[in-house]
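Worksheet for the structure shown next.
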Amino acid sequence: MKSIDVKGTARVAGGKKAARELRKQNMVPCNIYGEKRGEDGLPVAESFACSNDELRNLIYSPHIYSVNLDIDGVARKAVMREIQFHPVKDNVLHVDFYEINETKPIIMEVPIKLNGLAEGVKAGGKLAASVRKLKVRAPYGQIPEVLNIDVTNLGLGKVIKVAELSFEGLELITPASVVVCQVRMTRAAASAAAAAKK
């Protein structure tokens, strides 16, 4: 997995007003969740802020990254867990990070890549991906940059579901019933099939 460097500044979580003030300064409020637990047993959020410029290459990328966070000179290794966008303006409102270590499994969404020429495409159909990423669980060092899926034997009108996939060293978290890709019947393929039956 690729890594990316991001610098941030520690902050005291101060509610919506403080967050608005940060955004006016081109900063994004962030939290990092690590090993530290509260009295309720839940992970404790540590607040910091990053500039939009620091986060741009991480957020607006088709790739997945481990993040080398530098918060006031303290190094933390993390993955981006959740992004909140403004519902209208589409600018970034908040980012959550999850601290990682070498051995503890994490959950990440990994992009899929469809490989091969599907049988159904040869027959005139159209290959379509129903999802762009799948959720997996594994130690971060074992998580690949992409999940390669062979579609060579996928026939016309057929689908590949998560239940049919397996990747060494990875546990798939996306529900087994989710359709990953399919070869859709086109008008041309339907006409050809009809003509073949006559």
Side-chain angles (χ1 to χ4, degrees), residues 1-8 10 13 19 28-50 52 54-71 74-87 90 92-115 128-151 159-182:
M1 193 193 307
K2 293 185 174 78
S3 65
I4 192 168
D5 297 334
V6 173
K7 285 188 177 180
V28 177
C30 302
N31 286 334
I32 181 169
Y33 296 87
E35 300 289 333
K36 195 185 294 182
R37 294 285 191 271
E39 290 179 8
D40 55 6
L42 297 173
V44 173
E46 297 174 56
S47 300
F48 66 102
C50 293
N52 271 295
E54 282 286 328
L55 293 171
R56 187 170 290 118
N57 290 337
L58 173 63
I59 292 172
Y60 301 105
S61 168
H63 305 293
I64 58 171
Y65 294 99
S66 61
V67 183
N68 301 316
L69 275 175
D70 178 337
I71 304 173
V74 178
R76 311 278 290 272
K77 200 164 192 72
V79 290
M80 187 168 60
R81 195 63 179 268
E82 189 177 346
I83 314 169
Q84 292 176 3
F85 291 96
H86 191 283
D90 208 35
V92 179
L93 296 178
H94 185 91
V95 180
D96 281 338
F97 291 88
Y98 186 79
E99 191 166 16
I100 54 178
N101 61 39
E102 298 288 338
T103 57
K104 193 174 179 181
I106 59 169
I107 294 173
M108 278 196 82
E109 287 190 321
V110 182
I112 65 165
K113 184 181 179 187
L114 305 179
N115 298 319
S130 305
V131 295
R132 291 189 302 164
K133 295 179 178 180
L134 295 176
K135 265 187 187 174
V136 304
R137 181 191 280 129
Y140 89 93
Q142 292 179 26
I143 295 176
E145 292 179 21
V146 295
L147 297 172
N148 288 295
I149 299 170
D150 183 11
V151 298
V159 304
I160 293 177
K161 293 185 178 182
V162 172
E164 300 166 51
L165 301 174
S166 65
F167 302 94
E168 190 176 347
L170 302 180
E171 179 188 353
L172 286 166
I173 302 300
T174 303
S177 60
V178 169
V179 172
V180 177
C181 62
Q182 58 190 306

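Count residues from 1 along the sequence. Computation of the quantities below employed the complete heavy-atom set of this structure, encompassing side-chain atoms and omitting hydrogens, waters and symmetry-equivalent molecules.
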Identify the heavy atoms of [X] and [Y] that sit nearest to each other, and give their distance.
X	Y	answer
I173	V136	CG1-C, 4.0 Å
L55	F97	CD2-CZ, 4.0 Å
D90	Y60	O-OH, 4.1 Å
V151	C181	CG1-SG, 4.0 Å
L170	P144	CD1-CD, 3.7 Å
S66	V79	CA-CG1, 4.3 Å

Taking only residues two or more places apart in sequence or in another chain, which ones pass side-chain hydrogen bond (donor to acceptor under 3.5 Å, both in side chains) with [X]?
X	result
D5	N68
S130	Q182
R56	D53
E145	K2

Is there a side-chain contact (heavy atoms from CB on, under 4.5 Å) between L134 and V110 once you walk through the steps?
CA-CA 5 Å; L134 295 176; V110 182; 5.9 Å; no
side-chain contact (heavy atoms from CB on, under 4.5 Å) between I59 and V95, intermediate numbers included:
CA-CA 9 Å; I59 292 172; V95 180; 4.1 Å; yes
[Y] and [X], any side-chain heavy atoms less than 4.5 Å apart:
X	Y	result
Y140	I64	no
V162	V131	no
V179	K161	yes
I143	F167	no

Out of curiosity, [X] [atom1] to [Y] [atom2], how far, rounded to the nearest 0.5 Å?
X	Y	atom1	atom2	value
I112	K133	CD1	NZ	11.5 Å
L165	L147	CG	CG	8.5 Å
D150	N115	CG	CG	7.0 Å
C30	R81	SG	CZ	15.5 Å

Among V74, I32, I4, which residue satisfies the side-chain contact (heavy atoms from CB on, under 4.5 Å) criterion with L69?
I32
Could you note down all residue pairs passing side chain to side chain donor-acceptor pair (under 3.5 Å) where residues 168-180 supplies at least one of them, sequence neighbours left out?
R137-E171
Salt bridge (Lys or Arg N to Asp or Glu O under 4.0 Å) pairs touching residues 92-112, sequence neighbours excluded, are E35-K104, R76-E99
State whether the side chain of E54 and the backbone N or O of K7 hold a donor-acceptor pair below 3.5 Å, judged by distance alone.
yes
Around K77, counting heavy atoms of other residues, nucleotides and ligands shown, do more than 12 lie under 6.0 Å from its NZ?
yes
